[in-house]
Amino acid sequence: MILSKVDKTNIEPKITLIGAGPGDPDLFSLKGVKALKTADVVLYDANVNEALLCHAPNDIPKVYVGKRSDDEDFSQDAVNKLMIDYALNYGHVVRLKSGDPFFFARGYEEVDAAESYSIHTEIIPGISSATGAPSLQKIPMIHKDLSQSFWAVTGTNGKGEVSEDLYIAAKTKATIVVLNGIEKISEIAAIFQAENKNLLPVAVIENGSSKQEKVVVGIVDTIAELVEDKKITAPALLVFGEVVSLHPQFQSIKDFYEIIAEA
C-alpha cells in the first residue's frame, strides 16, 4: 500500500492493540474509546463492529485487514508490516481486534513485531467471546455444583486438523469452550462421544452479542445435526459442559430425556 506524504517532523510512532469485544459496540471499553480518539491510523479486523470507527477522527485512514484465510494480502506477516509502516510514517496506529487481543488473536506476535522496531506499544484488553458470549446467554463458565474450571481450546491447529488438546479436555468435567471449531463440529462431537459423553449439554453461539446472533442448544449426540439444520456458520463458538443445562432452551431437552429414561 502506498502511503501519502505526511509531515514526519513530530511523528512519535506508537501502536495500541485494542480488544473490540465480541460484537456489540456498547461492550467496548471507555479506555478503548479514548485511545481511538487519538489515533492517526486505524487497522481493524474482520468481526470488528465498524460502528466503533466513529470514535476515531473522521479524516484519518481506516484500513480493513480482515485476514481471510484465502487472502494472502491479509496474512499475519503482511498485517505486521503494514502496522509498522503506518506507525513509522503516521504516528499512533490503533490496531482494533475482535474479542481480546491476547486471546486467540495473535496480539503478542504483533507487539513483538512492533517492538523489534523500537515502537512503543500499549494493550487495552477487550471482552473475549469465549466468556462474553456464553455469559450473555446466562451460561456460567464455573458453577459450584457443575464445573470447577473451564478450558478455552482452539478447534483446529495450524494444519486445519482438530486440536490435540480437545482429546484431553474431553476427559475432564470442566466447561470446554471451543473457538474456530464450527467446521469440525462432527469430529469434535465424536471426541466427546468416545468418552461416553453422548448426553453432555452443548451450546453453539454464532455472532455472539450482535444483532445477527444465533444460538442452538442440544447434546453431544445431536449438536452436529442441529448446527446443520439451523445453518450455523463461522464465527461461532462451542460450549460443552453441564453448565449449558442452565440455559432456558435446555429444559425441554432435559424433560424429553427424563421421559425416555422413565419409559
Side-chain angles (χ1 to χ4, degrees), residues 1-129 132 179-180 207-212 234-235:
M1 182 176 293
I2 299 175
L3 302 177
S4 58
K5 293 183 178 180
V6 295
D7 181 6
K8 299 183 181 181
T9 307
N10 297 313
I11 286 179
E12 296 182 7
K14 177 182 178 181
I15 294 173
T16 302
L17 273 66
I18 308 179
D24 183 348
D26 288 342
L27 295 176
F28 193 58
S29 71
L30 179 58
K31 190 168 186 178
V33 171
K34 291 178 179 178
L36 273 173
K37 290 182 182 296
T38 67
D40 296 306
V41 178
V42 177
L43 303 183
Y44 65 100
D45 274 349
N47 303 328
V48 167
N49 193 317
E50 294 189 10
L52 295 176
L53 299 178
C54 71
H55 298 299
N58 292 329
D59 57 348
I60 67 169
K62 301 175 181 71
V63 184
Y64 173 82
V65 287
K67 294 195 302 175
R68 300 297 185 190
S69 59
D70 58 350
D71 191 339
E72 285 302 313
D73 288 340
F74 296 138
S75 68
Q76 188 62 58
D77 285 345
V79 171
N80 290 349
K81 291 175 182 177
L82 188 62
M83 178 181 66
I84 291 164
D85 199 8
Y86 270 122
L88 294 175
N89 285 278
Y90 277 63
H92 184 199
V93 173
V94 165
R95 181 72 177 93
L96 197 55
K97 302 173 72 67
S98 61
D100 180 272
F102 271 51
F103 203 111
F104 288 92
R106 305 182 76 171
Y108 178 81
E109 295 175 42
E110 296 182 3
V111 167
D112 189 48
E115 292 182 350
S116 72
Y117 282 78
S118 299
I119 297 173
H120 176 67
T121 62
E122 182 178 358
I123 312 300
I124 300 178
I127 297 173
S128 171
S129 62
L179 291 89
N180 303 325
N207 285 311
S209 84
S210 74
K211 294 179 180 179
Q212 294 76 39

For residues 14-32, the side chain to side chain donor-acceptor pair (under 3.5 Å) pairs (sequence neighbours left out) are K14-E122, T16-H92
Between the CZ atom in R95 and the CG atom in N80, the distance rounded to the nearest 0.5 Å is 8.5 Å
Between L52 and A20, the two heavy atoms sitting closest are CD1-CB, 3.7 Å
In this structure, CD1 of I18 is separated from CG of D100 (nearest 0.5 Å) by 12.0 Å
Applied to residues 47-63, the salt bridge (charged side-chain N to carboxylate O under 4.0 Å, His left out) test, sequence neighbours excluded, yields none
* Got a sec: does the CD of Q212 have more than 12 other heavy atoms crowding it under 6.0 Å? -> yes
Does the pair V48 and L53 meet the rule for a side chain to side chain contact (heavy atoms under 4.5 Å, CB included), with working shown?
CA-CA 9 Å; V48 167; L53 299 178; 5.8 Å; no
Nearest heavy-atom contact between P101 and P125 is CD-CA, 4.2 Å
All heavy atoms of L179 vs all of S129, minimum pair found to be CD2-OG, 3.9 Å
Test side chain to side chain contact (heavy atoms under 4.5 Å, CB included), reference I84, set V79, I119, N89, output is I119
So CE of M83 and CD1 of I15: to nearest 0.5 Å the spacing works out to 4.0 Å
Heavy-atom closest pair (I124 atom, G32 atom, distance to 0.1 Å) is CG2-N, 4.0 Å
Residues pairing under ring pair (Phe, Tyr, Trp, His ring centres under 6.0 Å) where one sits in residues 23-53, two or more places apart or in two chains, turn out to be Y44-Y64
On a heavy-atom basis, the closest approach of F102 and G107 is CE1-C, 3.7 Å
Rounded to the nearest 0.5 angstrom, the CG-CG distance for N49 and L27 is 10.0 Å
Here the gap from Y117 atom OH to K81 atom NZ, rounded to the nearest 0.5 Å, amounts to 8.0 Å
Taken to the nearest 0.5 Å, the spacing of R106 CZ from Q76 CD works out to 4.5 Å
Nearest heavy-atom approach of T121 to A114 is CG2-CB, 3.6 Å
Step by step, would you call I60 with V41 a side chain to side chain contact (heavy atoms under 4.5 Å, CB included)?
CA-CA 6 Å; I60 67 169; V41 178; 5.7 Å; no
Is there a side-chain contact between D45 and V65 (heavy atoms, below 4.5 Å)?
-> yes
